[in-house]
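Written below as structure tokens is the structure these notes are about.
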Protein chains: 2
Amino acid sequence: MPDDGGGRTAASRMREVAQRAGVSPMTVSRALRDPTKVSDELRRRVEEAVRAVGYVPNRLAGNLSSMRSNVIGLIVPGLNNSLYAPTIQGVSAVLRGSGFQLMIADCGYSGEAEEELITAFLAQRVAGLMLHDTRHTEAACAMIRRAGLPVVETGTLAPGPLDMLVSYSNHDAARAMVLHLHRLGYRRIAFVSLPAANNDRSRERRRGYRAALAELGAEEDARLVLEMPPGLASGAEAVVRLLGSAAPPDAIFFAGDVLAAGALFECQRREWPVPGRVALAAFDDIDMLRHTVPPITTLRLPREEIGRRSAEVLLDRIQGRSEERVVVDLGFEIIQRGST
Amino acid sequence: MPDDGGGRTAASRMREVAQRAGVSPMTVSRALRDPTKVSDELRRRVEEAVRAVGYVPNRLAGNLSSMRSNVIGLIVPGLNNSLYAPTIQGVSAVLRGSGFQLMIADCGYSGEAEEELITAFLAQRVAGLMLHDTRHTEAACAMIRRAGLPVVETGTLAPGPLDMLVSYSNHDAARAMVLHLHRLGYRRIAFVSLPAANNDRSRERRRGYRAALAELGAEEDARLVLEMPPGLASGAEAVVRLLGSAAPPDAIFFAGDVLAAGALFECQRREWPVPGRVALAAFDDIDMLRHTVPPITTLRLPREEIGRRSAEVLLDRIQGRSEERVVVDLGFEIIQRGST
DNA sequence: TTGTAGGCGTTATCAT
DNA sequence: ATGATAACGCCTACAA
């Protein structure tokens, strides 16, 4: 509870503006929202009065009265992960000038935190919701269903979405990379991912890795599968552990974060040639991977387009242009570089 | 304008809850906001009714009625810049459990966009505002003054803040790094920064560089000062240009973004020894700089603490615990590593 | 401890 | 084209 003590919001006054302009508040409201519905003369007077008093309309009151909202809520698992930046930019770009405001929140990869944030957004009566995760607490699902507001999920192409879904298949992407590495001649392909416990993307990627191995008739070797916390240091540790083992891999596929770069830096330190000693592949087209020596083979995912399309389908629904519960697969692409 | 078409928010009903619980709406309101002010028996009944109807309170109405808000607005220049992540995390950590919601927006390094966002936040009647930039349009300043809400700026220790200020001195930090490089024996120290036009931090850093040179009795050489766009590629280009010139530097101080890492990667590609051929220093303690080969000398800035303290002083003011317009200098630290 | 009346600032609706 | 009136859903203030 905001247990305030004096934090009252500043007084505002459409009335005051109306008096100064010599009109009724209703006219001010109209002049502000749809200038064409009011005579030029009045519009001028209203605009001047607005400027004179420094009037800033109260959206709380407006939204309450109109039963309509101009804010869209976005929940990401972690803002410290730069992967979300392009998606957010995509959303922003579409929302800019639409009259809708974006409210971003960070649930820290926690389902409970996500539930709380969803509650807060629903309490704020947001017009629509964008969730990066595709798994949610039961309570969260129930609330969202009851609220009946449009929702887009963006984390991965998962079955049974709450409402709309705009993403790519983490499973297929991981699978494709493993097949790619195999095609390049690598035969012992290790897989390193972030903890899959609270992360549907990680799980999907692991499933994709397994699927590829199965297709290739290769047996899964538990010693080649690692789960590491995020961060460059983890990548370094993983490569050391894997290459120090009795039956080391000839390629490592890092399906998360900046792990692959961390591994490469460790190889540089130890003067292990890449890909001579081991090949390295990553999962996301972050700038760094293109600039390392050698540059790192990775997947290009449609991060920004996910943001754009999500915002578009959400607006379509909010503004009544569509009733469809669309599911959009935006695909992915393999970027072959020097590290493999 | 949200030019809707059917995006009406779902109906909500404190009244309905009240009827189910056999009490007045007022009692429901109280039971929800301060459970101690209501008898145990009623509280139970109300809680059950809330669950039964899946009631989510309408904060719009609540905030409007109480003239109080539970959201805090935060505007950063660019969410794609990972530097803001720790600050945001600091803010989140303090706000978590405070009952206040954080609303994040990205102004894309544009003063006009910032003005628009400030307007939107004020229209939303946020309880407080956190701005990373310390320069704002005149209109924005005027609005904020009129609104009279607590504001914290966090970008740099600048004179004449709007209200409160929690940061470090970009000027002093840049100056300190130049003096440090000089102490290490470097005599031709180049300076590469992001475009200073829309960025008070960049400008301050450049001033710090100049101040240091002046103190050292060194003359500023225009050929050693570069302004580059953000990104690893820019750092690469900068190092090539500087080292290819007639009078190359023996050290380069990159005062922005990931420029220094880009430069290091370029040196690796060209097999220019660092620091043998040229020493490299950076401005921010991002993870990558610790893991490159060699690791890069840089400044550690109190990013997360800036977030925490900002949130704290803002809450102190919002909740009436303080009237002070505090200015907090959180300092910085030089991290000497292998690149210099 | 609980309820009643009135209003927060805006917009929908219906008149004029 | 403009205005009067009644909500929107909740909370403050006071009364019971």
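As the structure is a prediction and not an experimental result, all values here were calculated from the model. Values below: all heavy atoms of this structure, side chains included; hydrogens, waters and symmetry mates excluded. Chain letters run A, B, ... following the sequence lines, proteins first, then strands; residues in each count from 1.
Remark: P of C:dT1 and CZ of B:Arg45 are 15 Å apart, rounded to the nearest angstrom. The distance between atom CD of B:Gln124 and atom P of C:dC8, rounded to the nearest whole Å, is 20 Å. Between A:Asp40 atom CG and D:dT2 atom C1' there is a gap of 15 Å when expressed in whole angstrom units. B:Asn63 places its CG atom 14 Å from the C1' atom of D:dC8, with the value rounded to the nearest Å. Rounded to an integer number of Å, the gap from CE of A:Met14 to C1' of C:dA12 is 12 Å. Protein atom CG of B:Asp34 is 12 Å distant from nucleotide atom P of D:dC11, rounded to whole Å. A straight line from CG of B:Asn58 to C1' of C:dG9 spans 14 Å, rounded to a whole angstrom. Nucleotide D:dG9 holds its C1' atom 17 Å from the CZ atom of A:Arg68, rounded to whole Å.
Along DNA chain C, the nucleotide nearest to A:Arg15 and the one nearest to B:Leu42 differ in position, and the one closer to the 5' end is contacted by B:Leu42. Residues B:Leu60 and A:Met26 both approach DNA chain D. Their nearest nucleotides, taken by heavy-atom distance, put A:Met26 toward the 5′ side. When each of B:Ser29 and A:Thr36 is assigned the nucleotide of DNA chain D with its nearest heavy atom, A:Thr36 is the one assigned upstream, toward the 5' end.
Taking side-chain N and O atoms only, B:Arg43 has no distance below 4.0 Å to OP1 or OP2 of C:dT1. The phosphate of D:dC10 has OP1 or OP2 within less than 4.0 Å of a side-chain N or O from B:Tyr55. The side chain of B:Thr27 contributes an N or O atom lying less than 4.0 Å from OP1 or OP2 of C:dG3. Between D:dT12 and B:Arg33, a contact under 4.0 Å exists linking OP1 or OP2 to a side-chain N or O. Here B:Ser24 reaches the OP1 or OP2 of C:dG3: one of its side-chain N or O atoms lies under 4.0 Å away. When the side-chain nitrogen and oxygen atoms of A:Arg13 are compared with OP1 and OP2 of C:dC8, none of them lie within a distance under 4.0 Å.
Between the base of C:dT11 and the side chain of A:Ser66 there is no donor-acceptor pair shorter than 3.5 Å. Between the base of C:dG3 and the side chain of B:Arg30 there is a donor-acceptor pair shorter than 3.5 Å.
With hydrogens and angles disregarded, a donor-acceptor distance shorter than 3.5 Å links the side chain of B:Thr119 to the backbone of B:Glu115.
Each side chain to side chain donor-acceptor pair (under 3.5 Å) pair with one or both residues in residues 153-167 of chain B, not counting sequence neighbours, appears once here: B:His132-B:Thr154, B:His136-B:Glu153, B:Thr156-B:Asn170, B:Asp163-B:Arg317.
Taking only side-chain atoms of A:Leu64, from C-beta outward, the nucleotide of C:dC8, C:dG9, C:dT1 with the closest atom is C:dG9. Of the candidates C:dG3, D:dT12, C:dG9, the closest approach to any side-chain atom of B:Val23 belongs to C:dG3. Set against C:dA12, D:dC11, D:dA1, the side chain of A:Ser39 has D:dA1 as its closest nucleotide.
Atom CZ of B:Arg308 has more than 12 heavy atoms from other residues, nucleotides or ligands within 6.0 Å.
In summary, B:Glu48 and B:Arg51 do not engage in a salt bridge, as defined by a charged side-chain N under 4.0 Å from a carboxylate O. A salt bridge does not link B:Arg44 with B:Glu47: none of the charged nitrogens is closer than 4.0 Å to a carboxylate oxygen.
Applying the side-chain hydrogen bond (donor to acceptor under 3.5 Å, both in side chains) rule to A:Glu116 yields no partners; only residues at least two apart in sequence or on another chain are considered.
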